[in-house]
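What follows is one structure encoded as structure tokens, with my remarks underneath.
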Amino acid sequence: MMNVTDRDKNEPWWIELKGDLEGRLEKLRMDNDKRMSPDDKAEICGQIKEIKRLIDSLGMGKSKPKIDVE
């Protein structure tokens with residue numbers, strides 16, 4: 001994951017980038033619900049996976065709960 005500060009997350013470019021990625025992900029998920037060939041479905045699923053990976057690597061995803069391991 002990249003080192004992104006809270007200050008970065010309040011910058012207009014960051015907010016726009018996050019909105020664009022989330023919008024793209026939402027559209028891909030809606031497209032994924034449509035009837036299509038297995039090859040087209042696989043392509044959409046790959047794009048969804050890549051957008052989610054990018055969102056996570058940029059720290060834009062939802063916070064994950066911390067698990068205490070004893």
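Values in this document were obtained by computation on a predicted structure and should not be read as measured data. Side-chain atoms are counted along with the backbone in the values below, which use heavy atoms only and exclude waters and symmetry mates.
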Discussion item. Counting only heavy atoms not in K27 (residues, nucleotides, ligands), do more than 12 fall under 6.0 Å from its NZ?
Written reply: no
Could you tell me the separation between the [atom1] atom of [X] and the [atom2] atom of [Y], rounded to the nearest 0.5 Å?
{"X": "R53", "Y": "E50", "atom1": "CZ", "atom2": "CD", "result": "4.5 Å"}
{"X": "L58", "Y": "M60", "atom1": "CG", "atom2": "CE", "result": "5.0 Å"}
{"X": "T5", "Y": "D8", "atom1": "OG1", "atom2": "CG", "result": "3.0 Å"}
{"X": "D56", "Y": "I51", "atom1": "CG", "atom2": "CD1", "result": "11.5 Å"}
{"X": "L25", "Y": "M30", "atom1": "CG", "atom2": "CE", "result": "11.5 Å"}
{"X": "L28", "Y": "E26", "atom1": "CG", "atom2": "CD", "result": "10.5 Å"}

Worksheet entry | Donor-acceptor contact present, side-chain N10 to main-chain R7, <3.5 Å | no
Scan the side chains in residues 36-45 for donor-acceptor partners under 3.5 Å anywhere in the protein, sequence neighbours excluded, and list what turns up.
unit_1: S37; atom_1: OG; unit_2: D40; atom_2: N; d: 3.1
unit_1: S37; atom_1: OG; unit_2: D40; atom_2: OD2; d: 3.3
unit_1: K41; atom_1: NZ; unit_2: N32; atom_2: O; d: 2.4
unit_1: E43; atom_1: OE2; unit_2: Q47; atom_2: NE2; d: 3.3

